[in-house]
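These numbers come from the heavy atoms of this one structure, side chains and all, not from hydrogens, waters or symmetry mates.
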Amino acid sequence: MNVDELLKYEPSKSFEDSRKTRYHENDDFEPKKRIKTGNLDHLTEKERLEVLKMLENEPEVEPFTETSLRKLMTQFDKKFAKNQEMRIKYPENPEKFMESEIELNQVIQEMHTVSTRPDFYPILLDSSFLQSLLSLISHENIDISAAAVSLLQELTDLESSMEYLEEIKVLIDYLFEQQVFSLLISNLDRFDESNKDESEAVHNTMAIFENMIEAKPSLSVESSKQGLLPWLLKRIKVKGPFDSNKLYAAELLSILVQNHDENRKSVGELDGIDILLLQIAYYKKHNPASAEEYEYMENLFDCLCSCLMLPANRLKFLHAEGLQLMRLILREQKNARHSALKVLSYAMNNLEGKENCQAFVEMLGLGILFPLFMKPADSRKKKNKENHNYDEYVVSIISSLLKNCSDDNKNRVIGKFVESDHEKIDRLIELYFKYKEQVEKVRFSDEEDMEDREDELYLKKLENGLFALQAIVYIIVDIYINGQESIKNRINKLLNLRNESKESVVKILKEYQENLGDDETKSSSEIQQENDRINNLIQNFK
C-alpha cells in the first residue's frame, strides 16, 4: 500500500458497530452518515505535501518479536513490584507512590501490543504476568483497574485473531480457572458510570464476558453461577436514561438464556420475569428513540421469549400480569407490538401454555387478537425479517387457543370465525393459499440425492413459512370439525373455488405429524397426545 492509498484508507466497520446493527432494522431510524476522514482532497496542495512529508519521516515500527515481549514483561514486572513496594511503604502518602502508578499504567498500555500476537500467549501463561494482571483488577487506583480490564478485553478478543483461536481458548480456560468472572463482577460496583472512562471500563468488562462465552459456550452456565446473571438483571433495571451499557447487558442476558434451561430457571428464581416485564412496560406507550434503543427493546423481548420456554416461568409470567401487559401493548400503535405477539406465541404454545390460553380469552384478549389477524403485516417494517413472522405469531396463538382452551372458551374462539359473514374464514383461506404457494417454491436447485436431504429441505421450508402453514391448516381442520355448519360450508366453498381437495390439506397436517418426534420442546407424553389429536382431526375432516 503506497502513501496515497494509506491516506485514503478507511478501516472496516468495528466489531462494536456491527454488533449494534446485526439485529432488526427499523424504518423509523436513519443511520448516521459516516464522515470520511481519510481523504486529503479538502487540503491545499501545500498542506497535502506537508502531511505526506510527515508520514514519510515517520520512523519504521519494529516488528514485535518474542524478545520484544520478554523485554516488555520484564519492564512490567519491575513496575508492578515497585508500585506494590511504594504502596506498602507509604500507604497514607499518595504523592510518594503516584509516580510508580503512572509508570505502571504506561507499561500496561504498552502491553496491548501482545494482543496482536496470540501465538505468544503460551509465553504469558508460562510466566507470572497473567496472575499479576488479574491482581491489578482490584487495584486501589480505579484507573489502574480500568487499564487492566481494557488489556484483558483485547487479549480475549476473538474478532482480531481468529487464526489463533486455540491459543485464545487456552488463555480463556486459564482465566476461568482463576475465577475471573467472580473477580470482574465484584469489581464492577467500584466503577462510577457517570464517569466516561469508568463507564468504558464497565463496557470492556462485559466485552470480556462475551469474548469468553463466545469462545467457550459451555461457560454460559458457569458464568451465571459465578454471579454474571444476577448482575446483568440488576444492570438492566437501573433507572436512568438509556445507554450503551444497558444495551450490552440486555444482549449478554439474551445470550445466557438462549439455549440453557439452567439459566432460564435462575432468571425465574431471581424475579427476572418481573424485571423484564417492568423494563418492557416502558415501551407500551413509547417508541425507542434510536436504533440502539430499538435493539435493546428487542433484546428484552428475546430474553422473555427464551425464558418462557421453561414451563415454570410461564406461571410466573401469568402471575406477574405479563398477559395483561402484552394485551395493552397490542392495543397501542407502537414498535413493541410485533414483539408482544411473539411473546404471546411462546407463552401459549404446547400443554404448558394452557393456563395462559384460558386467561387470555377470559381477559377479552380475542377482541385485540382477531383484528390483527385480519390486518396484513406492514411490509415497510422490519425489512430484514420475513413478513411471515407476523402472520406466524398470530396463527400460532389462535391454534394454541384451540388446542388448550376448555369447551366454553374454545367455543368463543370458534365463534369469532362466524362474525361479520365469516370474513375471518375468508382471511384464513387466503393465508392458506399464500403460504402453501410460498412453501412449494422451496426446493434445491440440485435434485440429486434428495432422499438424503429430506430433513434439510424440511428445515428450509420451516424457515420459509411452513410453520405458519401448519398452524393455519390446524385451525382450518379444527373449526371445520368443531364449529357450526356455516363454517363447514364456507370452508368447502372456498376450497372448491380454487379446486383444492381436502386431501391436500390433510397432507400438510400429516407432514407435521410425521415430524413431531423432532420437536425438542415437547415431552414424549405430549407428543403422543398431539398425535392422538391429529389422528382424530384427520378422521373427522370429511
Side-chain angles (χ1 to χ4, degrees), residues 80 83-84 87-88 91 97 101 104-105 108 111 124-125 128-157 171-216 218-240 243-257 260 262-263 265-267 269-272 275 303:
F80 177 81
N83 180 244
Q84 281 190 317
R87 277 264 178 186
I88 293 170
F97 57 70
E101 293 193 354
L104 177 59
N105 187 60
I108 292 173
M111 286 296 296
L124 299 182
L125 289 162
S128 61
F129 169 75
L130 289 171
Q131 197 64 47
S132 300
L133 180 64
L134 291 176
S135 71
L136 292 179
I137 290 173
S138 52
H139 195 280
E140 291 88 342
N141 185 330
I142 202 71
D143 293 331
I144 297 292
S145 174
V149 167
S150 177
L151 176 55
L152 201 56
Q153 186 274 321
E154 287 204 9
L155 291 174
T156 56
D157 185 6
L171 171 63
I172 286 171
D173 284 337
Y174 171 81
L175 294 175
F176 179 71
E177 290 170 6
Q178 301 301 312
Q179 302 285 304
V180 72
F181 283 104
S182 297
L183 177 62
L184 289 168
I185 291 162
S186 62
N187 191 59
L188 280 166
D189 289 336
R190 297 175 60 205
F191 295 123
D192 175 9
E193 292 191 57
S194 63
N195 178 290
K196 182 180 177 182
D197 292 336
E198 294 181 37
S199 177
E200 184 179 348
V202 172
H203 195 276
N204 285 334
T205 302
M206 288 191 280
I208 296 170
F209 297 149
E210 183 178 32
N211 292 342
M212 293 182 68
I213 292 170
E214 185 178 356
K216 308 273 289 189
S218 60
L219 295 181
S220 292
V221 175
E222 295 302 323
S223 64
S224 296
K225 290 178 180 177
Q226 291 190 27
L228 177 56
L229 200 150
W231 184 85
L232 292 173
L233 287 170
K234 184 176 80 169
R235 181 60 186 83
I236 65 172
K237 73 174 183 178
V238 169
K239 293 182 178 179
D243 57 40
S244 61
N245 283 347
K246 185 173 277 194
L247 167 62
Y248 210 164
E251 183 178 344
L252 277 177
L253 183 60
S254 178
I255 292 170
L256 291 183
V257 298
H260 301 282
E262 196 167 341
N263 285 343
K265 182 180 178 183
S266 296
V267 169
E269 293 171 347
L270 293 165
D271 294 326
I275 292 170
C303 289

Check step by step if side chain to side chain contact (heavy atoms under 4.5 Å, CB included) holds for Glu198 and Val202.
CA-CA 6 Å; Glu198 294 181 37; Val202 172; 6.0 Å; no
With side chain to side chain contact (heavy atoms under 4.5 Å, CB included) as the criterion, how do Leu136 and Leu104 come out once you've worked through the C-alpha distance, each side chain's angles and the decisive distance to 0.1 Å?
CA-CA 10 Å; Leu136 292 179; Leu104 177 59; 4.0 Å; yes
Please test Asn245 against Ser199 for side-chain hydrogen bond (donor to acceptor under 3.5 Å, both in side chains), starting from the C-alpha separation and ending with a verdict.
CA-CA 8 Å; Asn245 283 347; Ser199 177; 3.2 Å; yes
Please lay out, stage by stage, how Ile142 and Arg190 fare under the test side chain to side chain contact (heavy atoms under 4.5 Å, CB included).
CA-CA 8 Å; Ile142 202 71; Arg190 297 175 60 205; 3.8 Å; yes
Full working for side chain to side chain contact (heavy atoms under 4.5 Å, CB included) between Leu124 and Leu171
CA-CA 9 Å; Leu124 299 182; Leu171 171 63; 5.8 Å; no
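Looking at Ser145, its side chain does come within 3.5 Å of a backbone N or O of Ile137 through a donor-acceptor pair. Here the side chain of Lys216 pairs no donor or acceptor atom with the backbone of Asn211 at under 3.5 angstrom. Listed for the Thr156 side chain is a donor-acceptor partner under 3.5 Å among the backbone atoms of Leu152. Between the side chain of Gln153 and the backbone N or O of Ile208, no donor-acceptor pair lies under 3.5 Å. The backbone N or O of Ala250 sits nowhere less than 3.5 Å from a side-chain atom of Ser254 that would complete a donor-acceptor pair.
Side-chain contact between Met206 and Trp231 is present, with heavy atoms from C-beta onward closer than 4.5 Å. Leu253 places none of its side-chain heavy atoms less than 4.5 Å from the side chain of Asn263. Between Glu140 and Phe97, every side-chain heavy-atom pair lies at or beyond the 4.5 Å cut-off. By the 4.5 Å heavy-atom criterion applied to side chains, His260 and Leu256 are not counted as neighbours. Inter-residue side-chain proximity for Ile172 and Val180 is flagged as unmet; no heavy-atom pair is nearer than 4.5 Å. Residues Asn204 and Glu154 are not in side-chain contact: their nearest non-hydrogen atoms beyond the backbone lie 4.5 Å or more apart. Within the 4.5 Å cutoff, side-chain heavy atoms of Glu101 are placed close to those of Arg87.
Of all non-hydrogen atoms in Val257 and Val267, the two that sit nearest each other are CG1-CG2, 3.7 Å. Heavy atoms only, all atoms of each residue included: Leu133 and Leu155 are closest at CD2-CD1, 4.1 Å. Across all non-hydrogen atoms, the minimal contact from Met212 to Leu175 is CE-CB, 4.1 Å. Nearest heavy atom pair, residue Ala249 against residue Ile236, reads CB-CG2, 3.8 Å. In terms of heavy-atom proximity, Leu228 sits nearest to Ile185 at N-CD1, 3.2 Å. The heavy-atom pair separating Ala148 from Ile108 by the smallest distance is N-CG2, 4.4 Å.
Atom CG of residue Leu125 and atom CG of residue Leu130 lie 5.5 Å apart, to the nearest 0.5 angstrom. Rounding to the nearest 0.5 Å places CZ of Phe209 at 12.5 Å from OG of Ser220. Cys303 contributes atom SG, which lies 11.5 Å from atom CD1 of Ile275 (distance to the nearest 0.5 angstrom).
Note on residues 218-240: pairs passing salt bridge (charged side-chain N to carboxylate O under 4.0 Å, His left out), not counting sequence neighbours, are Asp189-Lys234, Glu193-Arg235, Glu222-Lys225, Lys225-Glu262, Arg235-Asp243.
Phe176 and Phe181 have perpendicular rings, their planes meeting at more than 60° on a 0 to 90° scale where under 30° would count as parallel.
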